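One structure below.
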There are 2 protein chains.
Amino acid sequence: MNLFWERGYNGASMKQIEQALDMRPGSIYATFGNKDGLFGEALAAYAQQGGVDLQEHLAGFASVLDGLQSYLRHVARRSSPEEVSPSRACMIVKTLLEASNTNTAIADQANAILGVIEQSLTDLLEQAKTRGELMPDTNCARLARLLQAQLIGLRSFAQRDISAEKVRELADDMAAILDYYRARH
Amino acid sequence: MNLFWERGYNGASMKQIEQALDMRPGSIYATFGNKDGLFGEALAAYAQQGGVDLQEHLAGFASVLDGLQSYLRHVARRSSPEEVSPSRACMIVKTLLEASNTNTAIADQANAILGVIEQSLTDLLEQAKTRGELMPDTNCARLARLLQAQLIGLRSFAQRDISAEKVRELADDMAAILDYYRARH
DNA sequence: TCTTTTTTTGAATGATTACTCAATTACACC
DNA sequence: GGTGTAATTGAGTAATCATTCAAAAAAAGA
């Protein structure tokens with residue numbers, strides 16, 4: 001997963017995969033079918049890990065919106081140039097952009113995952129609306145897409161050769177956007 | 001340029017490039033050096049074209065902020081699934097994500113281009129501030145990065161299998177963010 | 001028109017690609 | 001310990017990768 005995340009589908013050769021897994025070709029193909037199958041499992045593992053990360057983070061907050069704002073800053077911290085990570089950018093977005101016109105199966109998988117994430121965010125925002133955190137007329141599905149676009153933008157921006165502070169500032173500015181949707185008390 | 005934009009650096013083979021250019025290997029290598037050199041010229045051409053597009057669009061507006069908001073919607077229209085384009089996503093971002101851990105030279109070029117764009121946006125926002133369109137205490141460099149992240153997020157989001165209307169809505173919501181930075185009269 | 005320079009051609013290069021399979025090793029059950 | 005099943009090995013496959021270069025063609029200069 002880390003190798004694919006770092007180098008992308010085409011950038012990771014079977015030779016490098018053999019080394020990363022400490023497995024020989026035959027075992028790899030017996031286990032995963034082919035490179036697509038292996039990549040698919042890696043991407044699914046990445047997505048699941050990301051889902052757990054979001055859920056764990058939100059668990060520490062009584063307010064959904066506070067949790068989402070903190071999550072944006074959390075993502076910025078994890079996408080900081082100081083951190084040691086296979087890539088600062090999101091593996092799902094990297095996959096979507098790389099595979100969209102070259103590998104339909106993989107692009108479809110990335111699309112499906114992003115659809116699930118969008119739905120999760122919608123559910124969370126609906127929950128926030130029910131709790132009175134959001135303005136009553138908020139279109140939660142639409143706001144979820146805006147939020148997802150923020151996460152995509154943040155992490156892709158973080159892939160730039162740029163300081164950690166500027167990434168942090170960006171996350172703060174993105175978090176502030178959510179304030180505009182908060183219910184006035 | 002279109003071939004690289006559509007399929008990415010690794011996704012475009014020299015065979016396909018030969019066909020797209022209607023040139024034989026020797027001529028290609030005599031003209032561009034190698035695949036990296038050719039890709040570099042394609043990316044530079046893409047960036048220049050993008051710069052012209054932004055400039056032309058803003059020329060139709062007396063207000064910088066109005067122009068930028070309209071540009072967001074213009075980008076959404078161009079990134080619509082109905083449009084015939086090599087890719088809905090931005091070639092520069094695609095390159096940044098694909099090359100960051102595999103091809104330093106190309107990643108550096110993408111980084112440099114994004115730096116130039118950031119500076120252009122900063123200049124535009126400074127101009128808006130001078131004209132009294134923005135709140136006087138606006139941090140234009142920081143807002144420029146937020147705006148760039150919106151453009152990155154919008155076009156990457158548009159690469160999803162999603163309706164044109166939802167992309168349009170997203171662009172509207174992003175444009176609305178700029179309103180929060182407008183000077184109150 | 002002849003000569004020189006430049007450009008184009010396309011077959012051939014070695015390296016690398018994803019992938020296969022007969023042979024071998026390891027494991028599980030009695 | 002013996003036997004059958006499952007998993008692993010790694011040399012080897014054909015195809016494709018980016019790239020080269022001597023020969024041919026085209027263009028430029030005299």
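All chains are named by letter (A, B, ...) in the order of the sequence lines, taking the proteins before the strands, and each is independently numbered beginning at 1. Keep in mind it's a predicted model, so treat the numbers as computed, not measured.
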Side chain to side chain donor-acceptor pair (under 3.5 Å) pairs, two or more places apart, involving residues 33-42 of chain A: A:Y9-A:D36, A:D36-A:N103
Five-pair end axes of the helix from C:dT1-D:dA30 to C:dC30-D:dG1, angle between them (10°): 20°
Nucleotide range of DNA chain C contacted by chain A, 5' to 3', under 4.0 Å to a heavy atom? C:dT17 to C:dC21
Per the under-4.0 Å heavy-atom filter, residues of residues 33-44 of chain B near DNA chain D come out as B:N34, B:K35
Can you sort out which residues in residues 16-31 of chain B have a heavy atom within less than 4.0 Å of DNA chain C? Ascending by number, please. B:R24, B:P25, B:G26, B:S27
Might you confirm whether atom CD of A:E18 has over 12 heavy atoms from other residues, nucleotides or ligands at distances under 6.0 Å? yes
Does CD belonging to A:Q16 count more than 12 external heavy atoms closer than 6.0 Å? yes
So, using ring-ring contact (aromatic ring centres under 6.0 Å, His included) as the criterion, who are the partners of A:Y181 when residues are at least two apart? none
A:Q119 and A:D123: side chain donor to acceptor below 3.5 Å: yes
Can you run down the ring pair (Phe, Tyr, Trp, His ring centres under 6.0 Å) pairs that involve residues 73-128 of chain A, sequence neighbours left out, and say none if there aren't any? A:H57-A:H74, A:Y71-A:H74
Pairwise side chain to side chain donor-acceptor pair (under 3.5 Å) hits with a residue in residues 83-92 of chain A, at least two apart: A:S87-A:Q159
Would you please name every residue forming a ring-ring contact (aromatic ring centres under 6.0 Å, His included) with A:F4, sequence neighbours left out? A:F39
Give every residue pair that meets the side chain to side chain donor-acceptor pair (under 3.5 Å) criterion with at least one member in residues 23-32 of chain A, sequence neighbours excluded. A:D22-A:R24
Side chain of B:T138, backbone of B:M135: donor and acceptor closer than 3.5 Å? yes
Quick check: are there more than 12 heavy atoms from other residues, nucleotides or ligands sitting under 6.0 Å from CD of A:Q127? yes
Could you tabulate the donor-acceptor pairs under 3.5 Å formed by side-chain atoms of residues 170-177 of chain B, not counting sequence neighbours?
residue: B:D172; atom: OD1; partner: B:R73; partner atom: NE; Å: 2.5
residue: B:D173; atom: OD1; partner: A:R142; partner atom: NE; Å: 3.2
residue: B:D173; atom: OD1; partner: A:R142; partner atom: NH2; Å: 3.0
residue: B:D173; atom: OD2; partner: A:R142; partner atom: NE; Å: 2.9

Do B:I113 and B:T95 have side chains that approach each other closer than 4.5 Å (heavy atoms only, starting at C-beta)? no
Would you kindly say whether B:E98 and A:N10 are connected by a side-chain donor-acceptor distance under 3.5 Å? no
Considering only heavy atoms of chain B and a distance under 4.0 Å, specify the first and last nucleotide of DNA chain D in 5' to 3' order that meet this criterion. D:dC17 to D:dC21
Audit row: B:L151, B:I117, side-chain contact (heavy atoms from CB on, under 4.5 Å) steps and yes/no: CA-CA 11 Å; B:L151 289 163; B:I117 295 172; 5.8 Å; no
